[in-house]
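Written out below as structure tokens is the structure these notes cover.
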Amino acid sequence: MSAGMDRRSFLKLSLAATATVGMAGEVFATTSGQSYVSGGPAPAHVEPEQWVYSTCGFCGTGCGIEIGVKEGKPVAVRGTKGYPVNDGLLCAKGIYQWQSILASDRGRHPLVRKDGKMVQATWDEALNTMTGKFKDLIAKYGPDSIACYNTGQLAMEEFYVLGKLMRAGIGTANLDGNTRMCMASAVVGHNRSFGTDGPVGAYADIEEADVIMISGSNMAECHPILFGRVVKARAAKGTKVICIDPRMTQVSRIADIYLPIKPGSDVVLLNAMAHVVIAQGLVDRTYVDAHTSGYDALVKHLEKYTPEYAADICGVPAATIVEAALMYAKAERSLSMWVMGINQSINGTQANNAFHNLNLLQGKIGKPGCGSFSITGQPAAMAAREVGGSSTYPGYRAIANAQHREQVAALWGVDPKKLPDKSPAITEILDAAIEGKIKALWVICTNPLMSLPDQNRVRKALEKLELLVVQDAYETADTAQMAHIYLPATMWAEKSGIMVNSERRMNLLKPAVKPPGETRSDFDIIVDVARRMGYGELFPFKNTAEAFEEIKKMTKGRPNDYTGVTYERIEANKGLQWPVKDAASTGTPRLYTDGQFNTPDKKAVLWAMDPVPLPEVPSEKHPFMLNTGRVQEHYHTGTKTRKVPQLNKLVPTAYVELNPRDAERLGIEYGDQVRLTNDRGSITVKAVITAMIAPGSCFVPMHFSEGPVNALTVWAVDKFSKEPNFKQQAVQISKA
Ligand SMILES: Nc1nc2c(c(=O)[nH]1)N[C@H]1C(S)=C(S)[C@@H](COP(=O)(O)OP(=O)(O)OC[C@H]3O[C@@H](n4cnc5c(=O)[nH]c(N)nc54)[C@H](O)[C@@H]3O)O[C@H]1N2
Ligand SMILES: Nc1nc2c(c(=O)[nH]1)N[C@H]1C(S)=C(S)[C@@H](COP(=O)(O)OP(=O)(O)OC[C@H]3O[C@@H](n4cnc5c(=O)[nH]c(N)nc54)[C@H](O)[C@@H]3O)O[C@H]1N2
Ligand code: SF4
Ligand SMILES: [Mo]
């Protein structure tokens with residue numbers, strides 16, 4: 001990043017330049033200055049021999065893509081024309097993603113640590129070493145000595161076989177996913193308000209809404225195609241936008257009302273908005289009486305949440321809170337959308353419930369242009385939730401529900417007593433590893449050394465393990481470098497399976513290109529491990545399509561019923577939104593359209609809630625509030641996007657955003673190296689000075705191992721969802 005140049009102007013220029021040099025795709029600049037690129041012929045002067053139908057491997061938007069292939073290699077990606085999510089458009093990450101497949105550090109062979117060094121091994125040697133150790137540990141310490149930590153980026157069928165292996169095979173409770181870092185608060189929020197998990201609405205609600213309230217979501221950078229739809233709706237029909245975020249973003253720039261609230265004060269703000277709705281007589285009593293429970297208690301509880309009371313806590317004027325509440329409530333169709341600024345909080349679950357409260361009070365659930373829309377992060381995080389990839393059993397069955405476990409055991413043909421009734425979070429799993437209770441950890445498609453809070457604590461836990469197996473696409477991934485056994489996995493364009501996006505749309509992955517070396521798909525590796533462990537009879541599948549047939553049986557009659565889904569029907573319909581109850585169904589855009597929820601009395605629950613205090617606030621010693629998150633050009637721990645030259649050139653290294661006032665006071669100039677410190681760790685990164693961040697706050701993206709922000713983040717979780725509080729911690733800042 002060149003000093004003095006705004007990254008966004010730089011991004012715009014560079015994308016335009018790349019587009020004219022590299023591809024014939026159009027570049028659109030939206031009113032916000034946000035750029036995104038349409039699909040076009042291949043860059044790199046190579047014409048593909050064919051285009052293969054697929055799904056973007058990055059974010060929960062779930063864009064339809066086509067992979068351009070020549071001689072078995074990817075040479076381009078373009079957006080699928082007519083695909084309901086993105087209609088041919090892609091963001092910068094999407095368009096360049098084929099290059100991450102070709103990176104030179106793709107693992108090609110299994111590696112096993114010998115005398116401290118990783119050496120090439122055969123699959124037999126690597127998997128026999130792994131399963132031999134698993135069997136020894138089970139014999140000595142029981143199945144709970146084995147843990148697995150996975151992801152939201154596998155295919156549905158892979159999550160399914162993994163869950164079945166860990167629970168019905170090995171019988172360990174210790175299975176969790178990085179979805180705990182991400183969607184756990186949304187999942188528990190859905191469960192508490194509606195009875196089961198599952199986002200309610202459809203992206204088409206963006207075009208249908210009169211008002212869209214975007215909270216704790218940097219949609220312009222993290223779900224750019226959805227943001228493009230918001231921007232277009234706004235231009236076409238004057239859709240109003242409310243933005244709730246302590247940090248200015250491209251979303252706040254287009255907002256009609258921007259609420260730069262104090263970090264972590266969302267529950268108070270949303271309670272106050274609900275207070276206004278009640279006080280101004282904007283409640284839909286007919287809907288509330290027929291379809292919800294808890295109304296009287298909520299009304300009483302919200303008495304104290306006046307706009308004036310909230311103004312003090314949230315740091316925004318009472319009049320602005322009233323204005324936002326009325327804009328939202330007086331509109332016929334209003335939609336709430338949110339992501340990690342809400343979920344990754346010690347109050348994350350309650351904040352989710354507060355959105356549901358607000359919408360339920362007005363009967364704005366299951367109607368076009370209305371409702372609660374929790375946007376997902378990863379391309380298949382939904383699939384993990386739906387088929388038992390981590391903290392559920394397949395078909396949205398609950399781990400703690402004995403009846404559900406019996407149903408699953410019957411379908412699998414195993415003893416229900418074998419199925420664990422607990423599902424510890426990864427933070428609990430790692431603390432148990434530090435205590436020596438967990439001896440082996442199998443990490444699949446996630447990079448916890450970089451992405452979990454408190455990196456030093458995580459490193460300590462990983463070092464304590466007798467066996468760390470890392471199954472990753474790249475052998476250089478941070479966590480892979482600590483492994484005893486490394487298993488090379490194929491990537492999304494090299495395998496088949498189903499992904500599910502934020503609007504419950506199931507879409508297909510097809511093996512478009514040849515995987516490198518001896519890599520194997522996660523599906524094949526997991527099933528092979530299962531067979532070597534002696535659970536082969538539970539895994540009679542030759543391929544993912546056969547596993548999907550079993551998954552369908554697990555979901556029949558459940559909220560996420562896939563009975564009418566086949567790979568062919570998914571492609572023919574350009575995705576299918578579950579439930580798809582029979583072969584005639586073309587999917588279900590919205591849930592709860594009849595006001596019947598999945599609770600025992602069929603009513604949604606209104607929750608009366610008070611937030612708990614933040615785990616950490618700035619002090620004299622650590623005077624800055626540290627916020628963490630993402631930039632458009634990079635993905636998570638950077639293992640994929642930092643290998644794409646066009647993206648890495650735009651944002652090449654770790655940085656911290658500082659307000660000009662703070663920078664001046666500390667004698668820091670744009671581009672200086674600065675040190676961020678607290679009691680957990682310290683990082684040195686470049687200073688980017690921008691008024692987008694409030695005085696007293698700072699923001700560091702999570703993508704850079706040379707400035708790993710999780711060295712500083714706090715080990716504190718929401719008590720309902722166990723999701724970490726990634727967005728607020730205290731640090732000291734000085735010139736390095
Ligand atoms: N480019 C890119 N896109 C991605 C990803 C990526 O890594 N890179 N990852 C994908 C994944 S897995 C996810 S989960 C999503 C994440 O998507 P987002 O959640 O949109 O992204 P973040 O940058 O984590 O944080 C969102 C916003 O929350 C705000 N925030 C911080 N604290 C608070 C608070 O107390 N209250 C409120 N209301 N807001 C707050 C931050 O200032 C930030 O603007 O993105 C997905 N898309
Ligand atoms: N401070 C802070 N920390 C955060 C967040 C934050 O906002 N702030 N956000 C959290 C959130 S929402 C998320 S989702 C997590 C994400 O955190 P991670 O899951 O750790 O991030 P990724 O970089 O996506 O890790 C995926 C790994 O899988 C590998 N991989 C890619 N494709 C495949 C494949 O097909 N198979 C296999 N086996 N491996 C593959 C990649 O090389 C990479 O090493 O980070 C969390 N951590
Ligand atoms: S918005 Fe998300 S799904 Fe769409 S192209 Fe970009 S990264 Fe891929
Ligand atoms: Mo995420």
Side-chain angles (χ1 to χ4, degrees), residues 36-37 39 55-65 77-80 83 85-86 89-97 151-153 177-184 186 213-229 243-252 259-267 269-270 314 337-348 351 374-379 381 446 451 499 501-502 507 614 625-638 640-641 647 651 657 692-694 697 699 701-703 723 725-728:
Y36 55 101
V37 190
T55 311
C56 180
F58 280 119
C59 89
T61 303
C63 292
I65 63 166
V77 163
R78 69 182 182 194
T80 307
Y83 194 75
V85 174
N86 57 313
L89 296 176
L90 295 176
C91 76
K93 282 191 312 304
I95 201 109
Y96 293 122
Q97 64 189 309
T151 180
Q153 301 171 45
N178 69 4
T179 44
R180 185 75 71 176
M181 307 294 117
C182 184
M183 302 312 300
M213 185 157 77
I214 302 175
S215 312
S217 157
N218 186 358
M219 194 186 274
E221 305 216 42
C222 297
H223 299 92
I225 294 299
L226 296 185
F227 187 64
R229 288 177 67 162
C243 172
I244 306 174
D245 195 318
R247 169 178 169 249
M248 283 177 75
T249 63
Q250 301 292 334
V251 183
S252 69
L259 298 155
I261 59 167
K262 282 192 195 157
S265 62
D266 298 85
V267 174
L269 177 74
L270 293 164
C314 304
M337 305 180 92
W338 67 90
V339 203
M340 289 309 134
I342 298 299
N343 293 353
Q344 287 173 341
S345 159
I346 196 142
N347 291 301
S374 146
I375 304 293
T376 57
Q378 299 170 88
T446 180
S451 56
M499 290 199 171
N501 76 358
S502 300
N507 201 20
L614 287 178
M625 183 64 105
L626 167 66
N627 178 2
T628 70
R630 299 160 164 79
V631 300
Q632 191 193 158
E633 297 77 0
H634 287 300
Y635 188 69
H636 294 167
T637 69
K640 293 205 280 190
T641 45
L647 299 174
V651 188
E657 287 179 3
M692 304 280 277
I693 190 94
S697 291
F699 175 85
M702 63 176 289
H703 312 295
E723 177 155 345
N725 189 91
F726 276 121
K727 299 292 192 234
Q728 299 95 18

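Counting starts at 1 for both ligands and their atoms, following the listed order. For this chain, numbers begin at 1 and follow the sequence in order.
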Closest approach of any protein heavy atom to [atom], naming residue and atom:
atom                    : result
atom 38 (N) of ligand 1 : Asp266 OD2, 2.7 Å
atom 8 (Fe) of ligand 3 : Cys56 SG, 2.3 Å
atom 30 (N) of ligand 1 : Gly341 CA, 3.6 Å
atom 47 (N) of ligand 1 : Cys222 O, 2.8 Å
atom 14 (S) of ligand 1 : Cys182 SG, 3.2 Å
atom 5 (S) of ligand 3  : Cys91 N, 3.5 Å
atom 46 (C) of ligand 1 : Gly377 O, 3.6 Å
atom 8 (N) of ligand 1  : His634 O, 2.6 Å
atom 7 (O) of ligand 1  : His636 N, 2.8 Å
atom 2 (Fe) of ligand 3 : Cys59 SG, 2.3 Å
atom 19 (O) of ligand 1 : Met340 N, 2.8 Å

(request) Output yes when a side-chain donor or acceptor of Thr179 lies under 3.5 Å from a complementary backbone atom of Ala381, and no otherwise. (result)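 The answer is no, because no donor-acceptor pair under 3.5 Å joins these two groups.
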
Quick one: which ligand 1 atoms are inside 4.0 Å of a heavy atom on [X]?
X      : result
Pro263 : 35 (O)
Gln378 : 12 (S)
Gly264 : 34 (C), 35 (O)
His703 : 7 (O)
Val631 : 1 (N), 2 (C), 8 (N)
Lys93  : 1 (N), 2 (C), 3 (N)
Cys59  : 46 (C), 47 (N)
Glu221 : 1 (N), 2 (C), 3 (N)

(message) Give me the atom names and distance for the closest heavy-atom approach of Gln632 to Cys91.
(response) OE1-CB, 3.5 Å

(request) For residues Ile375 and Leu226, report the shortest heavy-atom separation together with the two atoms involved. (result)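 Shortest heavy-atom separation between Ile375 and Leu226 comes out as CD1-CD1, 4.0 Å.
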
Under 4.0 Å from a heavy atom of [X]: give me the atoms of ligand 3 that qualify, with their elements.
X      : answer
Phe58  : 7 (S)
Pro224 : 1 (S)
Lys93  : 7 (S)

(message) Would you call the rings of Phe58 and Tyr635 parallel, tilted or perpendicular, taking 30° and 60° as the class edges?
(response)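 Perpendicular, since the angle between the ring planes exceeds 60°.
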
(request) Give a yes/no on ligand 3: does Asn86 have at least one heavy atom closer than 4.0 angstrom to it? (result) no

(message) Measuring from non-hydrogen atoms of His223 to any atom of ligand 3, is the shortest distance under 4.0 Å?
(response) no

(message) Regarding Cys63, does it place an N, O or S atom less than 2.8 Å from atom 4 (Fe) of ligand 3?
(response) yes

(request) Would you tell me which option among Gly152, Gly216, Pro246 has the nearest heavy-atom contact to atom 33 (C) of ligand 1? (result) Pro246

(message) Looking at ligand 1, is there an atom of it that comes within less than 4.0 Å of some heavy atom belonging to Gln728?
(response) yes

